[in-house]
Amino acid sequence: MAKKLIKVMDTSFRDGFQSIYGAKVLVDDFIPALQAAVNAGIKHFETAGGARFQAPIFFCNENAFETMDKIRAAVGPDVKLQSLSRGVNVVGLNSQPRDVIDLHAKMFAKHGVNVIRNFDALNDVNNLIDSANSIKKHGLQHEVTITMMELPFGCEGAHDVAFYEKVLRNILDSGLPFDSLAFKDASGTSNPRKVYETVKMAREILGENFHIRFHSHETAGTGLAAYLAALDGGADGIDLAMKPVSGGTGQPDIISMWHALKGTEYDLGLDIKKVMETEEIFKECMKDYPLDPISLAVNPILIQAPLPGGATATTVNQLKDMGMLDKFPALIAAMKECVERGGFATSVTPVSQFYAQQAFLNAVQGPWVQANPGYAKMLLGYFGKTPCEPDPELVKWASEKLNMQPTTEKVVDLNEKDPEKGLKAAEKRLIAAGLPVTDENLFIAAACKDGNVDKGIDFLLGKGQVSVNKTAAKAQASAPAAGSSDGCTVTVNGKKYAVKFQNGKAVVNGKEYNVDVKDGIEEVSSASASGEGTEVKAPMPGAVLRVLKSVGDTVEENEEILVIEAMKMETPIKAPVAGTITSLAVAQNDKIATGQVLATVG
């Protein structure tokens, strides 16, 4: 009896990188492994989208479109390349209007992508329609996606087979075009029996010839079992990865899956010896990238608080950096209430961040003292309709915290009215910066704007920096340059500052400051010298993201002095009183603790 050929997509070069390395990988480092995988017979790869659009720009100082072109050139014209899109967000930091959504599909088609997998964390079909139409308009295959997870212990009312059937029927009733269906479990928590019943349900509705794919992670330790269940339920394809980015928070390994299928009716259709050789090449390519044990670990605690692969390691490492790793169990416990009262949106980008950040605030500052803006906006409907109605008390809480009213308007329609969004706004910013107005630049400018921070424009102006966790790069950077004696290191209270004087300015730790040096010591007011006045203290641990004021600046009450970041959240620090900044005790990138004095207003 002939075995059923299972269609494998290798996710190593997108989701693998995102789950294990935070997507911060330089393209030239992995191209040899990608070519080896093609030579081993793998013909379908996920290589773009998700965090692998911003990460090349923000952390690798690489143009994401040029990265995509290099990948297409490396694999040749016949290999299928796939991207991941977040519905109305596409690959942007925020949700987008229709012109940006359409340009996304046009640009990804131009730069070598064949298939776009398209999901919405709320499973709100309205957030998928515009992107679906644009994907098909520009000649790409559209893989519509239903997002899955396991509910925390004791929760019910969503994320069962009946719930997923309702989402699928909503997709069909909407009339949006699609070529295949994926079930995506970013947290890897769905129990295998539910996976089997869900895929079986979809197969019965869609018929035996329609392509159905299942995606999960090994985070909770049940990835292989869930894949076997999906195949038994009727899935045609599964997503797998290779070492060093398989297992743990990544996808199940190709070789492990091949082994698990021995004696079954399924065949991956791969020469496993060549895959083994490719894994060795891949490990050699990535040898300078440290592997975080957290990323490679199975963590069953996440069954009760589903976090996606990338978010798990990120959350733990952020807590570690803040000296608050002991708060992780409390954060996990607090997630249940955030999920249950928040309307049961799936824990996948960006909702996974909303859950983790609100749970962190609840665990550290007390329940519902401070609102994470993303979580609160979700409750109010600004990201679409949650699968279930959120707790009315929390909706009222969110409205009061943000001073915003709930909405039922479609997300894309809200974005159409926002003058800061869209291609016209992006074009104005490009022109103002003196940059060429190309389709690629327009999309980068639109997709990479984060509030008042124009990260895309900064990158296009050449202000990007490489921030990749790579041991060889660190060793090279730390090596002393020959004859480099044009500066000095100043240590103040144990903190080192690299100082150079050039062109009449002082460059301190890479940042320019205007300076005026005079002979003698002028009298300085005692308030300025001692920092007397009202102390401004940190409400939570984190890092200083931006310092907005200088000593001597006048401020009004509630005017922002600086911005701190914790758990990927920006928190403005405001002046408690009107007056003059008499002291600033921190600088950009400094780590801070709860209650630490940041500044003084006199």
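Computed from heavy atoms alone, side chains included, the values below leave out hydrogens, waters and symmetry copies.
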Handout entry: Whether H217 and H215 hold their rings parallel, tilted or perpendicular, with breakpoints at 30° and 60°
Key = perpendicular
When you measure from the side chain of [X] to the backbone N and O of [Y], does any donor-acceptor pair fall under 3.5 Å?
{"X": "Y227", "Y": "S216", "result": "yes"}
{"X": "H142", "Y": "P177", "result": "yes"}
{"X": "D253", "Y": "K243", "result": "yes"}
{"X": "K336", "Y": "F153", "result": "yes"}
{"X": "N114", "Y": "Q141", "result": "no"}
{"X": "E156", "Y": "G154", "result": "no"}
{"X": "N123", "Y": "I146", "result": "no"}
{"X": "R72", "Y": "V79", "result": "yes"}
{"X": "S134", "Y": "S131", "result": "no"}
{"X": "E279", "Y": "M242", "result": "no"}

Exercise for the section: Check whether the ring centres of F30 and F17 lie less than 6.0 Å apart, and answer yes or no. Expected result: yes
Handout entry: Pair F65 and F53, ring centroids less than 6.0 Å apart
Key = yes
To the nearest 0.5 Å, what is the distance between [atom1] on [X] and [atom2] on [Y]?
{"X": "R341", "Y": "C155", "atom1": "CZ", "atom2": "SG", "answer": "12.0 Å"}
{"X": "K417", "Y": "D413", "atom1": "NZ", "atom2": "CG", "answer": "7.0 Å"}
{"X": "N372", "Y": "K377", "atom1": "CG", "atom2": "NZ", "answer": "10.0 Å"}
{"X": "T349", "Y": "R86", "atom1": "OG1", "atom2": "CZ", "answer": "6.0 Å"}
{"X": "L93", "Y": "Q54", "atom1": "CG", "atom2": "CD", "answer": "4.5 Å"}
{"X": "E150", "Y": "D160", "atom1": "CD", "atom2": "CG", "answer": "10.0 Å"}

Practice task
For H104 and Q96, test the side chains for any donor-to-acceptor distance below 3.5 angstrom and give the result as yes or no.
Solution key: no
Exercise for the section: Return yes if a side-chain donor-acceptor contact under 3.5 Å exists between Q251 and D15, otherwise no. Expected result: yes
Exercise for the section: Check step by step if salt bridge (charged side-chain N to carboxylate O under 4.0 Å, His left out) holds for K194 and D185. Expected result: CA-CA 12 Å; K194 182 174 75 174; D185 181 3; over 6 Å; no
Exercise for the section: Could you check Q358, K401, Q365 and say which one makes a side chain to side chain donor-acceptor pair (under 3.5 Å) with Q370? Expected result: Q365
Problem - Matching residue for R213 among D239, T145, D236 - test: side chain to side chain donor-acceptor pair (under 3.5 Å) - result: D239
Can you tell if the side chain of [X] reaches within under 4.5 Å of the side chain of [Y], non-hydrogen atoms only?
{"X": "I254", "Y": "I42", "value": "yes"}
{"X": "I71", "Y": "F45", "value": "no"}
{"X": "Y382", "Y": "V411", "value": "no"}
{"X": "R14", "Y": "Q82", "value": "no"}
{"X": "I205", "Y": "R169", "value": "yes"}
{"X": "K166", "Y": "F163", "value": "no"}

Exercise for the section: Decide side chain to side chain contact (heavy atoms under 4.5 Å, CB included) for I20 and D292; before the verdict, give the C-alpha distance in whole Å, the side-chain angles of both, and the deciding distance to 0.1 Å. Expected result: CA-CA 7 Å; I20 306 301; D292 190 331; over 6 Å; no
Problem - Intermediate values then yes/no, ring-ring contact (aromatic ring centres under 6.0 Å, His included), F354 and F383 - result: CA-CA 12 Å; F354 300 164; F383 299 118; 5.2 Å; yes
Practice task
Look at atom CD of E409 and say whether more than 12 heavy atoms of other residues, nucleotides or ligands are closer to it than 6.0 Å.
Solution key: yes
Practice task
Taking atom NZ of K4 as the centre, report whether more than 12 heavy atoms of other residues, nucleotides or ligands fall under 6.0 Å from it.
Solution key: yes
Which pair of heavy atoms, one from [X] and one from [Y], lies closest together, and at what distance?
{"X": "P252", "Y": "L224", "answer": "CB-CD2, 3.9 Å"}
{"X": "K421", "Y": "S95", "answer": "NZ-O, 2.9 Å"}
{"X": "F443", "Y": "V100", "answer": "CE1-O, 3.7 Å"}
{"X": "G269", "Y": "D267", "answer": "N-OD1, 3.0 Å"}
{"X": "G342", "Y": "L379", "answer": "CA-CD2, 3.6 Å"}
{"X": "P244", "Y": "L296", "answer": "O-CD2, 3.9 Å"}

Practice task
Could you tell me whether R52 and E46 make a salt bridge, using a distance below 4.0 angstrom between a side-chain N and a carboxylate O?
Solution key: no
Exercise for the section: Under the side chain to side chain contact (heavy atoms under 4.5 Å, CB included) rule, what do L5 and K7 come out as? Steps first, then yes or no, please. Expected result: CA-CA 6 Å; L5 182 63; K7 297 177 181 178; 5.6 Å; no
Exercise for the section: Test side chain to side chain contact (heavy atoms under 4.5 Å, CB included) on F119 and T346 and set out the steps. Expected result: CA-CA 11 Å; F119 77 92; T346 313; over 6 Å; no
Exercise for the section: Evaluate side chain to side chain contact (heavy atoms under 4.5 Å, CB included) for L291 paired with Y21, printing each intermediate quantity in order. Expected result: CA-CA 8 Å; L291 286 166; Y21 300 119; 3.4 Å; yes
Handout entry: Pair K396-D391, salt bridge (charged side-chain N to carboxylate O under 4.0 Å, His left out): steps then yes or no
Key = CA-CA 9 Å; K396 181 181 177 183; D391 186 326; over 6 Å; no
Fill in the blank from the handout: Checking D179, D102, D130 against K136 for salt bridge (Lys or Arg N to Asp or Glu O under 4.0 Å), the one that qualifies is D179
